[in-house]
Amino acid sequence: MKKLPLLMLLCLSSHCLFAQAPGKAVVKTQAVDYVKVKNYYLLSLFEQDTEVSAILKGDAELAQFTQKKLNDLNASLTNCKDASCLSGTVKLSADEISAVSTRLTALYKTGNALDRLVKTKLIPSGCYSLYKNVTPAQLLVKAWEQDANGINYTIGVYAEGKKPNYPQIDSISYNVKARAYYTLMYDVNATLAGDVKNTKLFFEPSMQAALLYLQINERQNPAEYEPMEARANKPAFDRVKTIKWASYPYSNIMVPGAGPDNLTSPLSGEGMLRCRLAVQEYNAGKAPFIIVSGGRVHPYKTKYNEAEEMKRYLVDVLHIAENVVIIEPHARHTTTNMRNAARLLYKYGFPASKPGIVVTDKSQTDFIMTMDTRCEKELNYVPYKLAKRNSETEVEYYPVEEAKQIDNDEPLDPR
C-alpha cells in the first residue's frame, strides 16, 4: 500500500485516526462510517474509545436502558400495526434522554476516561462549540442531548415523513401513507433487531435505526467524496503547505453552486458564469485557490454534484490547474456554502486571519450581505465574518471557529 504523508492521514474535523509506530507514522487501516461520525460524533467516540465504552457498558442503569430498547424493538414486530408505531419504538423519548443525561453526569469524574474524552476530543473538535462556555461535565451532557435529538430528527424526516428544513430537495423518498410502507418499516425493524441484538451500548438501537433510514432513502450524502484530502482535493491539499500567503491579498476565492432546473444538465448557466468570475480574480493574482461549494442538491435527487461539476468546468473548459481547485461537495444552501468553506479553511491549514472572497452573482451577493439573520435562525450562529464588499459580485469574508459546530437537524450535511 502506498504510504501517505502524515497530514494526509484520515482526518475527521480535528480528530485524526492514526497509529504511531516506533520512529514513524503509519496509516491505521480502519473503515470510517462518515455518515455516522459526521452526524453523531460523541456517540462514535463512545464506540471507539475502549475505556469509555467499558464504563458505559458496565453501568447497571444504562444496561437496563439498553435491554429495554432491545425488548421494545423486538416487541414492535408483534405489537405494532402501523408504520408510526414501528418508527416510534426506536426514537428516544424526552424522559429517556434525560435519564441518560443523569447517568452520564454521575459517571463523569475528573481524570477518568470520560473526562479525557471531553478534554482531548470533544473540545478540540469544535463539534459542540455552541456549549463552549459550560463545564466539561456539562459539555458531555449537552453533546449527548444534541446527538440524541439529531437521531430523533432523522427518524422524524426519513421514517415518518416530517418536513425537513428544505423540503423541495431533502424530503423522504417514500409515500408514508401507502399500504406498502408499513411492510418496509416492519422490515427495517426486523433487520435492525438482528443488527443490534448483541449490543451493550445504550444508544445503538436508536442510532443504527437513524442510519438505516438514511440508507434506504439513498441519503449517504455526508460520506460522498470522503476522505477528500486523500481523493478529490489531494492535489490542492498537498499544495497548501507550499503557499507563501503574504504574496496574495486573499487566501481563497469561494464560489457557491447554482443547480440547474432539470435532471439532465450537469451544471447550470449561472454556475458557469460564477466560475468565470472566479477565474478572472484568480488570474489577477487575488488568491492561490478557488473553492467551489455545493452538494447534490437541485433538482430533487439529482445525480450531479454542484462542486464536482464546477471543478470539471474550471479544469476542462477554463484550463485551471487541478491543484488550484478545492471542492466542498456537501453544502445544501448559501448558509452552508459559507459554513462549509470555513470548515475546510481550518481543516486544510489556511490562515484564518487572512480574508477570502466570495464571488457570485449580484443577487446572491445581496443575499449574503444580510444572511446573518437566517444563519442565526437555522444554524444558531453565524459561521463567517463579512468585511468589505468589493463589487456587486464580490465580498470579503473570514472564517470563524463556530463553523465546526455539528448541525443536528441537517443529517445530509451535518459537518
Side-chain angles (χ1 to χ4, degrees), residues 4-59 62 100-101 103-148 150 200-204 207 222 226-227 229-230 342-350 352 381 399-408 414-415:
L4 301 177
L6 178 60
L7 287 177
M8 279 192 58
L9 298 179
L10 190 57
C11 290
L12 304 175
S13 291
S14 61
H15 176 55
C16 297
L17 304 174
F18 64 91
Q20 183 70 45
K24 64 179 181 178
V26 295
V27 175
K28 184 178 181 179
T29 55
Q30 171 178 336
V32 176
D33 184 340
Y34 285 95
V35 180
K36 176 174 67 178
V37 173
K38 286 185 175 185
N39 273 287
Y40 316 119
Y41 183 54
L42 173 67
L43 303 186
S44 299
L45 293 177
F46 281 172
E47 291 178 330
Q48 295 167 12
D49 190 307
T50 54
E51 289 184 89
V52 168
S53 186
I55 290 174
L56 300 178
K57 291 176 182 178
D59 182 72
L62 291 179
V100 170
S101 295
R103 289 312 301 153
L104 291 177
T105 299
L107 293 170
Y108 185 99
K109 307 292 181 186
T110 301
N112 77 351
L114 282 167
D115 179 54
R116 291 193 297 273
L117 180 142
V118 172
K119 293 176 179 176
T120 65
K121 298 290 175 55
L122 287 198
I123 294 174
S125 77
C127 292
Y128 305 92
S129 60
L130 288 178
Y131 319 113
K132 61 186 176 183
N133 294 323
V134 304
T135 67
Q138 291 170 331
L139 176 59
L140 178 66
V141 169
K142 290 291 187 181
W144 149 248
E145 292 172 351
Q146 177 177 299
D147 281 12
K200 303 298 182 184
L201 290 170
F202 63 91
F203 56 87
E204 287 283 357
M207 182 183 74
E226 294 289 5
E229 56 274 13
R343 290 172 173 176
L344 286 184
L345 296 179
Y346 284 113
K347 186 175 182 182
Y348 289 3
F350 281 59
Y381 63 92
V400 298
E401 291 279 351
E402 285 80 5
K404 299 174 184 178
Q405 167 70 36
I406 291 175
D407 190 354
N408 70 336
R415 75 175 174 112

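The shown structure was predicted, so the numbers you read here are calculated from the model rather than taken from an experiment.
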Taking only residues two or more places apart in sequence, or in another chain, which ones meet E204 in a salt bridge (Lys or Arg N to Asp or Glu O under 4.0 Å)? none
Would you say that F46 contacts L114 through its side chain, given a criterion of any heavy-atom pair below 4.5 Å between the two side chains? yes
Salt bridge (charged side-chain N to carboxylate O under 4.0 Å, His left out) pairs touching residues 124-146, sequence neighbours excluded, are K132-E402
Are the side chain of T105 and the backbone N or O of S101 linked by a donor-acceptor pair below 3.5 Å? yes
Got I123 and V118 here, is their nearest side-chain heavy-atom distance under 4.5 Å? yes
Considering all heavy atoms, the nearest V52-D49 contact: N-OD1, 3.0 Å
Could I get the full list of side-chain hydrogen bond (donor to acceptor under 3.5 Å, both in side chains) partners for D59, not counting sequence neighbours? R103
Note, V141 side chain near V134 side chain (heavy atom, < 4.5 Å): no
What are the two closest heavy atoms between P399 and A342, and how far apart are they? CB-CB, 3.6 Å
Got more than 12 heavy atoms from elsewhere within 6.0 Å of NZ, K200? no
Is there a side-chain contact between P414 and Y40 (heavy atoms, below 4.5 Å)? no
Say you draw a straight line from NZ of K404 to CD1 of I406; how long is it, rounded to the nearest 0.5 Å? 13.0 Å
Listed partners of Y108 passing ring-ring contact (aromatic ring centres under 6.0 Å, His included), at least two apart: none
Residues two or more places apart in sequence or in another chain: which of them pass ring-ring contact (aromatic ring centres under 6.0 Å, His included) with F202? W144
Hey, is the main chain of P136 close enough, under 3.5 Å, to the side chain of D115 for a donor-acceptor pair? no
Are side-chain heavy atoms of N112 and L107 found at a separation under 4.5 Å? no
When you measure from the side chain of R116 to the backbone N and O of K121, does any donor-acceptor pair fall under 3.5 Å? no
Of all residues at least two apart in sequence or in a different chain, which pass the salt bridge (Lys or Arg N to Asp or Glu O under 4.0 Å) check with K57? none
I'd like to know if the side chain of R415 reaches the main chain of D407, judged simply by a donor and an acceptor atom lying under 3.5 Å from each other, with no hydrogens or angles considered. no
Shortest non-hydrogen contact from E401 to Y346? N-OH, 3.2 Å
Under 4.5 Å between any side-chain heavy atoms of L56 and L201, yes or no? yes
To the nearest 0.5 Å, atom SG of C127 lies from atom CG of L45 at 8.5 Å
Y128 (side chain) donor-acceptor with L42 (main chain) under 3.5 angstrom: yes
Heavy-atom closest pair (K36 atom, S44 atom, distance to 0.1 Å) is CG-OG, 3.5 Å
Could you state the interatomic distance from CG (L43) to CD (Q146), rounded to the nearest 0.5 Å? 10.0 Å
